[in-house]
Amino acid sequence: MIKSLKKPAVCICILSLLLAEAAGCGKKSEKNNDDGNVTVISVGDIPSADIDPEANKICMKRISDFEKKHPEIKIEPDTYVFSPDTYAAMAEAETLPTTYHLPFTQAKLVIDMEYTADVAGVLKKEGIYEQINDTILEKISKDGKIYLIPESCYDSGIALNMKLFRESDMVNEDGTPKAPTTWEELVETAQKIKEKTGKDGFSMPASGWRFMPVAWSFGGEFLEQTPDGKWKAVFDSPEVTEALQYIKDLKWKYKVLQENALISTDDINQLFASGETAMMFAEPGQVSKCTIYGMELGDVGMIQMPAGPKKHVTLMGGTYSAVRKGASEKEIEAVITWLKETSSLGLVLSDEVKNSIETQTELDLTSKNIVGADMISPWKSDNPVEQYRKQLRQEKANINLNYVKLYNDKSNIEFREEEPVATNALYRTLGDCIQEIWTNENADCAAVLKQAASDFQKNHLDNLK
Amino acid sequence: MKRGIFASAVRRLKSDSGAWLLIIPALLCIYFSIIRPQLLAFIWSFCSMKGYTITGFAGLDNFKVVLTDTLFLKTFFNTLKYVMYSAVIGFIPPIIVALIMNELIHFRKIIRVIIYLPSIMPAVAVSLLWYFMYYPDQTGLLNVLIIKLGGNPYTWLQDGRFTILYIVVSMAWSASGATVIYYFSALQGINRELYEAAVMDGAGVLYRLRVVTLPYMSGILLLFFVRHLIGVFNIMEQPMQMTNGGPNNASVTLGLLNYRYAFEDGHPQYALALSVIMFIFGLIATVGYFRLNKKVEENR
């Protein structure tokens with residue numbers, strides 16, 4: 001009996017092995033979720049019903065309304081949130097949702113890996129292409145193709161814990177904070193607050209990303225493209241050295257910085273929310289995260305990035321929408337239709353777009369995201385949609401508008417984008433420099449930057465292909 | 001002649017087909033979870049890649065990039081530091097604790113449970129726990145103790161000279177519980193008559209340790225030592241959680257460098273090349289481990 005079973009069993013096992021191998025190493029065929037009548041698209045970043053039931057409810061209603069209006073499109077909600085750890089593996093396995101969001105900082109990496117679909121054709125057909133801000137268009141294009149869609153855009157500034165500002169009598173009669181406009185004033189403000197409250201005046205992580213606008217404002221630059229197309233690290237200049245010396249002085253000379261040199265952004269959010277630090281580099285999105293740690297929205301203030309001796313400049317950041325590589329033309333069209341009615345892609349002020357803006361504002365209020373601090377437009381001009389959005393968010397603001405007045409004033413400041421190559425490695429390298437000067441009082445900023453620029457050139461720029 | 005060998009191999013396969021059938025599930029698991037990824041990693045380390053898609057043959061270029069990275073040597077020596085510190089802090093104290101436990105008459109069970117408790121905590125939780133113990137301002141637990149004793153707060157993990165040492169202490173705290181239990185069970189296996197005979201001959205505690213305990217334990221100690229070193233060589237999570245390799249790369253390891261190549265910089269091909277280099281070091285240690293194991297088995 002056993003003998004008679006041996007051969008078929010061995011055959012089944014070998015067959016299973018071959019099938020499993022084929023499934024494991026073979027690339028999945030392109031998933032086309034359109035059966036002619038209904039196009040199915042999955043949409044990422046939908047809040048989980050278990051974690052945020054209220055926000056999930058609003059999103060599900062939005063999906064249901066959209067499907068009623070567009071019976072030819074079916075939306076599958078997906079809780080996927082972009083993470084660099086899992087992104088490439090999921091993209092390769094084609095398990096990403098049809099559309100999802102990703103931050104500006106990851107755009108270059110994603111475009112280089114070619115894991116998103118070219119949406120240029122549909123954007124041109126819909127008249128969206130012409131509306132995209134030139135700087136952003138350059139960032140999302142490669143070889144005439146467009147790989148990402150602008151969603152939202154912000155500028156880095158300084159967040160203020162107004163509770164500490166009030167305790168330090170640092171509020172003007174008109175209700176606006178007595179806020180710093182230059183880096184010198186930032187030190188003075190931080191020192192006053194430390195003196196009056198005993199709390200740290202300013203906190204920042206050892207982050208290259210945060211250091212960039214400071215260095216730019218001192219007249220520094222990081223990378224330079226030579227005529228032969230190669231890249232050169234130029235951040236060992238006297239200007240960047242001066243900026244790094246300023247960051248060093250915050251700790252050793254002025255003693256206004258947090259003690260921990262290895263602190264993460266999330267830890268700083270906790271310090272800020274609990275009133276242990278008065279100021280930090282931030283964007284509206286980061287300040288919103290502080291509400292998780294019990295920050296009262298009434299204590300939130302924001303100001304523009306202070307000006308340096310050479311420039312008044314800040315770093316732009318934001319969110320893009322992406323369409324999964326391999327999506328069919330119909331799926332891309334369905335995604336654009338969805339985005340036009342649910343995101344800033346709706347460029348004509350129709351009832352649907354108004355309704356979408358109202359729903360998004362409601363969603364932000366429910367999720368305790370700050371409403372009232374202005375974003376910047378990823379589009380060429382302030383169109384009626386942007387004006388309506390701004391007006392509505394001011395009306396529904398959940399923060400004191402006087403406290404963010406100086407952030408909402410976007411005049412007289414230059415907006416700059418990140419460096420175009422080896423971006424993450426550059427941030428890490430600069431972060432290492434900051435850690436060095438914060439943990440070694442005798443560190444020489446010029447020598448630290450010289451070594452870092454030389455290593456960065458050798459390890460990253462010389463290996464660019 | 002060749003045909004004869006082939007026929008004999010087929011005959012043997014046929015006669016052993018039942019045994020093969022039984023080991024096929026295990027073979028499949030080993031193939032898919034260990035052999036295949038390692039083979040692919042080895043092959044892909046010689047390729048140029050875009051994301052995880054192979055775009056061509058790169059020869060030894062990826063290895064050249066990794067080996068000439070100005071961080072490679074520093075990272076390699078950092079990793080050796082982890083191994084060396086761990087060889088002392090993570091290896092010797094568990095032996096001492098196991099020996100003390102073996103000599104205890106009362107409360108043995110409760111002490112065993114207490115000692116094992118840190119081992120059931122997830123590595124991330126342990127790293128966070130120690131991160132807050134080492135916190136450099138007045139709120140860090142260790143600094144609170146120092147201040148109570150009249151001292152000034154110390155920078156702990158920010159002191160680049162000793163960052164690795166402090167991380168290793170947290171690792172040893174977490175892992176030593178399980179190691180103590182292993183050693184303790186080995187100690188329990190020693191024939192009590194040997195101790196009784198030694199006592200009758202007038203041997204004290206230290207002499208008994210030298211002539212009975214250590215000779216019997218030497219095999220298992222050696223094996224644990226080598227396994228411990230191989231494990232620490234691949235360390236990544238703890239420095240990532242506690243310092244992210246800082247300050248200024250003072251605690252970065254080969255494992256963390258590998259992570260940076262793959263996930264932060266988008267160069268999986270360099271990560272694979274580094275994996276192959278780490279695999280070669282691991283292989284050398286594993287060969288040594290098996291040789292030692294063989295010797296230990298022969299001496300039993």
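In what follows, chains are A, B, ... by sequence order, proteins preceding strands, each numbered from 1. Because only heavy atoms are used, hydrogens play no part in the values below, and waters and symmetry mates are left out as well, while side chains stay in.
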Inset, instruction - Among the options A261(A), A425(A), P84(A), pick out the one with the most heavy-atom pairs lying under 4.5 Å from chain B. - result: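 Ranked by contacts with chain B, first place is A261(A).
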Legend entry - Winner by heavy-atom pair count (cut-off under 4.5 Å) against chain B, out of N424(A), D85(A), L109(A):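 Winner by heavy-atom pair count: D85(A).
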Region of [X] in contact with chain B, defined by heavy-atom distances below 4.5 Å:
| X | answer |
| --- | --- |
| A206(A) | neither |
| N260(A) | both |
| D267(A) | side chain |
| I434(A) | neither |

Roughly how far apart are [X] [atom1] and [Y] [atom2], rounded to 0.5 Å?
| X | Y | atom1 | atom2 | value |
| --- | --- | --- | --- | --- |
| N244(B) | S264(A) | CG | OG | 10.0 Å |
| T429(A) | N249(B) | OG1 | CG | 8.5 Å |
| E264(B) | Y427(A) | CD | OH | 13.0 Å |
| T53(B) | E114(A) | OG1 | CD | 8.5 Å |
| M49(B) | E92(A) | CE | CD | 7.5 Å |

Are there over 12 heavy-atom neighbours, none belonging to [X], within less than 6.0 Å of that residue's [atom1]?
| X | atom1 | answer |
| --- | --- | --- |
| K145(A) | NZ | no |
| W252(A) | CH2 | yes |
| K142(A) | NZ | yes |
| Y154(B) | OH | yes |

Inset, instruction - Could you tell me which portion of Y270(B) (side chain, backbone, both or neither) has an atom closer than 4.5 angstrom to a non-hydrogen atom of chain A? - result: side chain
Legend entry - Contacting moiety of L157(B), where chain A heavy atoms sit under 4.5 Å: both
May I ask you to name which of [options] has the most heavy-atom pairs under 4.5 Å with chain A?
| options | answer |
| --- | --- |
| P153(B), P247(B), A262(B) | P247(B) |
| K50(B), Q158(B), Q138(B) | Q158(B) |
| Y52(B), Y259(B), W156(B) | Y52(B) |

Legend entry - Closest heavy-atom pair and its distance - Y131(B), L262(A): OH-O, 4.2 Å
Legend entry - Sorted by number, residues from residues 453-460 of chain A in contact with chain B (heavy atoms, under 4.5 Å): D455(A), K458(A), N459(A), H460(A)
Inset, instruction - For the residue pair R428(A) and D265(B), establish whether any side-chain heavy-atom pair is separated by less than 4.5 Å. - result: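 Sidechains of D265(B) and R428(A): in contact.
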Legend entry - Sidechain-backbone polar pair: E259(A) side chain, D137(B) backbone, donor-acceptor under 3.5 Å: no
